[in-house]
Amino acid sequence: MKKILLLITVMFLFGCNEKTYTVEDFKNNKELLDEYRKKCINGEIYGDSLNCQNSHKALILLNRPTNTGKWTD
């Protein structure tokens, strides 16, 4: 029983450590930005997480309208 509990704890701890992307990462990768914006909006990722904050900042810096899904130049 202790081994199972230990295994579950280890899996939880390692599964929660998601890579943190910078604003520049999001600005340079449109697919990554779209993926994280969707995750942040639908609640898959907590909205106050660093990835949600950075993806939002990148979106603002890129001046991308959120309602059309098209990138502005």
Side-chain angles (χ1 to χ4, degrees):
M1 184 67 177
K2 290 182 182 180
K3 289 181 182 180
I4 293 173
L5 182 59
L6 178 63
L7 179 64
I8 292 172
T9 304
V10 169
M11 288 173 57
F12 177 75
L13 290 175
F14 285 108
C16 292
N17 293 331
E18 186 173 339
K19 180 179 179 350
T20 301
Y21 295 99
T22 65
V23 174
E24 287 301 314
D25 290 334
F26 286 115
K27 284 173 59 180
N28 294 327
N29 189 333
K30 296 175 186 178
E31 291 81 20
L32 182 67
L33 176 61
D34 287 340
E35 175 187 345
Y36 272 85
R37 290 311 306 149
K38 287 177 187 174
K39 287 181 179 181
C40 295
I41 290 169
N42 72 19
E44 285 182 58
I45 300 175
Y46 185 61
D48 286 339
S49 74
L50 195 53
N51 279 331
C52 286
Q53 292 175 12
N54 288 344
S55 65
H56 183 73
K57 288 176 187 175
L59 187 69
I60 291 170
L61 290 172
L62 289 169
N63 194 23
R64 179 177 178 206
T66 57
N67 58 347
T68 64
K70 296 181 182 176
W71 290 88
T72 59
D73 292 326

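Just so you know, residue 1 is the first one in the sequence shown, and it goes up from there. What you see is a predicted model; the values in this text were computed from it and never measured.
With values rounded to the nearest 0.5 angstrom, Tyr21 atom OH is found 4.5 Å from Tyr36 atom OH. The distance from the CG atom of Leu32 to the NZ atom of Lys19 is 8.5 Å, given to the nearest 0.5 Å. The CG atom of Leu33 lies 10.5 Å from the CG atom of Asn28; values are rounded to the nearest 0.5 Å.
Across all non-hydrogen atoms, the minimal contact from Lys27 to Leu61 is CD-CD1, 4.1 Å.
Sequence neighbours left out, the pairs with a member in residues 48-61 that pass side-chain hydrogen bond (donor to acceptor under 3.5 Å, both in side chains) are Arg37-Ser55, Tyr46-Asp48.
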